[in-house]
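Below is one structure, written out as structure tokens; the observations come after it.
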Amino acid sequence: MKIGYPCINWTIGCKGDRTFRLKSYSEERLIETVENNLDCLTKMLKYNIDNNLLFFRITSDLVPFASHPICKFNWQKYFKNKFKEIGEIIKENNIRISMHPDQFIVLNSIKTDVVKRSIAELYYHTEILDLMKLEKTSKIQLHAGGAYANKKESLIRFAENFKKLDRKIKDRLVIENDDRIFSFQDCLFLHSKTDIPLLFDVFHHSILNNKESIKNILEKQNKTWKNIDGIPMVDYSSQKPGFRDGSHAEKIDLKDFGSFLKQSKPYDFDIMLEIKDKENSAKKALKIVEKDKRFTRKELIQ
DNA sequence: TCACGTCAAGCAGAT
DNA sequence: ATCTGCTTGACGTGA
């Protein structure tokens with residue numbers, strides 16, 4: 001079980017997701033921005049290694065406009081060595097990596113150009129992980145998409161579009177249950193059509209579910225991950241007190257997290273903490289996990 | 001230096 | 001019809 005946080009580290013004072021407006025696009029600007037983003041990514045990874053936070057989500061904004069038609073620059077070649085170096089840091093330290101394309105990526109859209117753009121963006125994410133030469137245990141997590149007034153049909157459309165994807169993308173993609181349309185049960189149906197591993201989002205599940213217990217879900221989730229995929233990934237967050245259902249907490253609720261850990265026995269998985277104060281909550285969570293008798297010290301870092 | 005209008009992209013649900 | 005949330009406000013012009 002590894003503990004991680006997404007994309008941004010507030011402590012080190014530098015961010016790997018700097019971008020710019022489409023209007024100010026230029027090759028020079030792109031190079032300068034990507035250089036900054038890769039340097040900051042390296043710094044964040046080093047911080048994480050020092051703090052035993054060995055699960056990390058890389059921002060989708062690492063290479064701005066990478067999948068946009070305006071970008072003709074061969075950034076893959078230009079930054080090849082830099083990507084390889086970062087990949088070596090990741091592999092030498094047994095860091096698990098995930099990525100999460102944002103809400104515009106809808107593989108089951110009824111609009112063909114939306115699907116086309118989504119595939120281009122998925123390809124970009126795959127290229128990042130491939131340039132770092134990471135194993136297939138590094139995943140790209142995606143929601144199943146829109147409902148379009150017929151959930152089942154929409155899932156089947158996802159499955160059909162998935163089948164047409166490049167092998168490289170298929171090997172990376174995992175599906176995450178969301179909090180408004182596709183529950184974990186819906187994702188299981190999609191899994192039955194595609195064999196895609198399922199990422200379990202605990203918080204979304206607390207909002208949209210079919211009354212399954214945590215343990216029951218984890219048991220089913222486990223069966224969707226093969227050896228080559230690594231151990232399952234789990235997203236965890238808790239409710240921001242006093243805000244609408246689904247608002248992510250500012251800081252980790254240690255009582256809720258402890259309760260989740262208890263309910264999750266005896267399963268093993270890597271946890272991504274989607275909590276706004278990022279590394280600070282991750283460090284607190286790690287302390288609790290370290291006390292869990294399920295895991296030896298060795299298992300925590302492997 | 002700071003205020004503030006705007007930013008590549010989709011979808012659903014609330015107002 | 002318009003706004004909000006999503007993992008996250010940040011960019012950039014104009015004063």
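Excluded from the calculations below are hydrogen atoms, water molecules and symmetry mates; all remaining heavy atoms, backbone and side chain alike, are included. Chain letters run A, B, ... following the sequence lines, proteins first, then strands; residues in each count from 1.
When heavy atoms are screened at a 4.0 angstrom cut-off, A:Phe65 is found touching base atoms of the nucleic acid. Heavy atoms of A:Thr19 sit under 4.0 angstrom from primed sugar atoms or phosphate atoms, though from no base atom.
Spacing between B:dC7 and C:dT8 at atom P, rounded to whole Å, works out to 23 Å. Atom name C1', nucleotides C:dC6 and B:dC2: the rounded distance is 29 Å, in whole Å. C:dA10 and C:dG5 are spaced 16 Å apart, taking the P atom of each and rounding to whole Å. C:dT7 and B:dA3 are spaced 30 Å apart, taking the P atom of each and rounding to whole Å. A distance of about 23 Å separates the C1' atoms of C:dA1 and B:dA8, rounded to the whole Å. Comparing C:dT4 with C:dG9, their C1' atoms are spaced 14 Å from each other, to the whole Å.
In this structure, the CZ atom of A:Phe20 is 13 Å from the P atom of C:dT13, given to the nearest Å. Between A:Arg21 atom CZ and C:dT13 atom C1' there is a gap of 9 Å when expressed in whole angstrom units. The nearest whole Å value for the distance from the NZ atom in A:Lys278 to the C1' atom in C:dT8 is 6 Å. One interatomic measurement links the two molecules: CG of A:Asp179 to P of C:dT4, which rounds to 18 Å at whole-angstrom precision. To the nearest angstrom, P of C:dT8 lies 8 Å from CD of A:Glu274. Nucleotide C:dT13 holds its C1' atom 9 Å from the NZ atom of A:Lys23, rounded to whole Å. Residue A:Arg18 contributes atom CZ, which lies 18 Å from atom P of C:dG9 at whole-angstrom precision. As a whole-Å value, the separation of A:Ile181 CD1 from C:dG5 P is 17 Å.
Using N1 to N3 plus N6-O4 or O6-N4 for Watson-Crick, or N1-O2 and O6-N3 for G-U wobble, each under 3.5 Å, C:dC6 pairs with B:dG10. Base pairing of B:dA3: its partner is C:dT13, meeting the Watson-Crick or G-U wobble criterion (both donor-acceptor distances under 3.5 Å).
An OP1 or OP2 oxygen of C:dT7 is reached within less than 4.0 angstrom by a side-chain nitrogen or oxygen of A:His204. Taking side-chain N and O atoms only, A:Ser24 has a distance below 4.0 Å to OP1 or OP2 of C:dG12. Phosphate contact (OP1/OP2 of C:dT4, side-chain N/O of A:Arg180, threshold under 4.0 Å): absent.
Taking the six-membered ring for Trp, A:Phe200 and A:His205 have ring centres closer than 6.0 Å.
Rounding to the nearest 0.5 Å places NE2 of A:His204 at 10.5 Å from CG of A:Leu199. Rounded to the nearest 0.5 angstrom, A:Lys2 NZ and A:Arg96 CZ are separated by 7.0 Å.
Ion pairing between A:Lys152 and A:Asp186 fails under the 4.0 Å rule for side-chain N and carboxylate O. Under a 4.0 Å N-O distance rule, the pair A:Glu274/A:Arg57 qualifies as a salt bridge. Look at A:Asp130 and A:Arg172 and you find a salt bridge, because one of the NZ, NE, NH1 or NH2 atoms lies within 4.0 Å of a carboxylate O, short of that distance.
Here the range on DNA chain B touched by chain A, meaning any atom under 4.0 Å from one of its heavy atoms, is B:dG5 to B:dA12.
The two atoms that bring A:Ser237 and A:Phe203 nearest to each other are O-CB, 3.7 Å, heavy atoms only.
Between A:Tyr25 and A:Phe65, the ring planes are perpendicular. Angles over 60° get that label, and only those under 30° would be called parallel. In this structure, A:Phe260 and A:Phe269 have tilted ring planes: the angle between them lies in the 30° to 60° band.
Interface residues of residues 101-112 of chain A facing DNA chain C, ordered by number: A:Pro101, A:Asp102, A:Gln103; criterion, heavy-atom separation under 4.0 Å.
Listed by chain and number, the residues in a salt bridge (Lys or Arg N to Asp or Glu O under 4.0 Å) with A:Asp195 are A:Lys226 (sequence neighbours excluded).
A:Tyr148 carries A:Arg157 over the face of its six-membered ring, with the cationic atom under 6.0 Å from the centre and within 45° of the normal.
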